[in-house]
Peer 1: 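Okay, here's the structure, questions in a sec.
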Amino acid sequence: MNPIARYSLRLGDSCLILSQRLCAWCGHAPELEIDLALANIGLDLLGQGRNFLTYAAELQGEGSEDTLAYQRDEREYSNLLLAEQPNGEFSDTLVRQYLLDAWHVVLFSQLVQSRDATLAAIAAKAIKEARYHLRFSRGWLVRLGNGTDFSHGKMQQALDNLWRFTAELFDADELDISLAQEGIAVDPRTLRAAWQQEVEAGLREAGLDAPEDAPYRTGGRNGRHTEHLGPLLAEMQYLARSFPGLSW
């Protein structure tokens, strides 16, 4: 596959999978306002995913955003492991979202300078949405972290459970490095300092402690996923695979 297509697919897969997770809250969130906010953020991420997948399909010269979304198997997906983690309780969803929102903001802030005009344009649109998403998730992080003992405990537990997946946000392989050297992609290693600055400030404001254990789970970008992605894809792809080629 074209290297830029592979890179675009990686970014798009994480947006698409996270969107699928968030949209599952529709009709189930604790309050109507939160229900609408999570659904809207999910739709923003779906739009970002569509843009990246459409560009990947164009570069490949075959298929479309739909074939990439609905006709690939689990091992062909290259999303971050953190994005595919289950919604769990509201605290799990919020902490997952905060960690990824902080990463998206620093990522898109650099990607807007890409020499690839399409990637730069996608990032320029996405950064505005990502900043809004971060305001939402950080606001709830602080609110619940400083809430009751019960809400604080739930947020800390969610952070402890999800922290192991954050190392992958900054993993760089040959594809990332070679495209970054050409000024096309962002070297994920360069995102760590800004991400840490945001997360440390957010956790401090929320009264939460970063886990002492070093994060260690990686592999999603190379198709090695947790047990949670398969069921998600089964639900997301069911209709398209059951009725291939159907339009309505």
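This chain uses plain numbering: 1 for the first residue, then up along the sequence.
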Peer 1: Please round to the nearest 0.5 Å and tell me the distance separating atom CG of Asn146 and atom CZ of Arg143.
Peer 2: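 The CZ atom of Arg143 is 11.0 Å from CG of Asn146, to the nearest 0.5 Å.
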
Peer 1: Using every non-hydrogen atom in the two residues, find where Leu9 and Met1 come nearest and quote the distance to one decimal.
Peer 2: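 So the two residues come closest at CD2-CE, 4.0 Å.
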
Peer 1: Please say yes or no: joined through hydrophobic side-chain contacts below 4.5 Å, possibly via intermediate residues, are Leu175 and Leu191 part of one cluster?
Peer 2: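 Same hydrophobic cluster.
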
Peer 1: Which heavy atom of Leu233 sits nearest a heavy atom of Glu74, and at what distance?
Peer 2: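 It is CD1-CA, 3.7 Å.
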
Peer 1: Do you reckon Ile184 sits in the same ILVMFWY cluster as Leu53, going by side-chain contacts under 4.5 Å, direct or chained?
Peer 2: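 No.
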
Peer 1: Is it true that Ile17 and Leu11 fall in one hydrophobic cluster, defined by side-chain heavy atoms closer than 4.5 Å?
Peer 2: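 Unlinked, Ile17 and Leu11 end up in two clusters.
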
Peer 1: Heavy atoms only: give me the nearest Tyr7-Val186 pair and the separation to one decimal.
Peer 2: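 Distance-wise, the nearest heavy atoms are OH-N, 3.2 Å.
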
Peer 1: Testing the basics here: between Glu65 and Ala57, what is the closest heavy-atom pair and its distance to 0.1 Å?
Peer 2: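 So the minimum-distance heavy-atom pair works out to N-CB, 4.3 Å.
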
Peer 1: Using a distance-only test with no angle check, is there a side-chain donor-acceptor pair under 3.5 angstrom linking Asp44 and Gln48?
Peer 2: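 Absent: no donor and acceptor within the cut-off.
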
Peer 1: Are Trp140 and Tyr98 an aromatic pair by the rule of ring centers under 6.0 Å?
Peer 2: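 No, ring centres 6.0 Å or more apart.
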
Peer 1: Determine, stepwise, if the pair Asp73 / Glu76 fulfils side chain to side chain contact (heavy atoms under 4.5 Å, CB included).
Peer 2: CA-CA 5 Å; Asp73 295 325; Glu76 297 173 287; 3.7 Å; yes

Peer 1: With hydrophobic residues grouped by side-chain heavy-atom distances under 4.5 Å, do Leu45 and Leu119 end up in a single group?
Peer 2: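 Same cluster.
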
Peer 1: OH of Tyr70: more than 12 outside heavy atoms within 6.0 angstrom?
Peer 2: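 Atom OH in Tyr70 is not packed in, count stays at 12 or less.
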
Peer 1: Is there a donor-acceptor pair closer than 3.5 Å between any side-chain N or O of Asn2 and the backbone N or O of Ala5?
Peer 2: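 Looks like yes, one N/O pair under 3.5 Å.
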
Peer 1: Given Glu84, which partner from the list His225, His228, Arg96 fulfils the side chain to side chain donor-acceptor pair (under 3.5 Å) test?
Peer 2: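 Of the listed options, the one satisfying the test is His225.
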
Peer 1: Treating Gln97 as the side-chain partner and Asp92 as the backbone partner, does any N or O pair qualify as donor plus acceptor under 3.5 Å?
Peer 2: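 Pair absent, no side-chain N/O of Gln97 close to backbone of Asp92.
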
Peer 1: With a sphere of 6.0 Å drawn around CD of Gln197, does it hold more than 12 non-hydrogen atoms of other residues, nucleotides or ligands?
Peer 2: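 Open: at most 12 neighbouring heavy atoms sit under 6.0 Å from CD of Gln197.
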
Peer 1: Checking salt bridge (charged side-chain N to carboxylate O under 4.0 Å, His left out) for the pair Arg10/Asp173: CA distance, chi angles, key distance, verdict?
Peer 2: CA-CA 12 Å; Arg10 285 181 177 180; Asp173 61 11; 2.5 Å; yes

Peer 1: Out of the candidates Leu159, Ile34, Leu144, Leu99, only one should pair with Leu94 under the side-chain contact (heavy atoms from CB on, under 4.5 Å) rule; please name it.
Peer 2: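 Only match with Leu94 under side-chain contact (heavy atoms from CB on, under 4.5 Å): Leu144.
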
Peer 1: Applying a strict under-4.5 Å side-chain criterion to I, L, V, M, F, W and Y, I'd like to know whether Phe108 and Ile41 cluster together.
Peer 2: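 Hydrophobic grouping puts Phe108 with Ile41.
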
Peer 1: Which heavy atom of Arg21 sits nearest a heavy atom of Asn87, and at what distance?
Peer 2: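 Where Arg21 meets Asn87 most closely, the heavy atoms are O-ND2, 2.8 Å.
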
Peer 1: Closest heavy-atom contact between Leu80 and Ser14?
Peer 2: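 Looking at all heavy atoms of both residues, the shortest contact is N-OG, 2.9 Å.
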
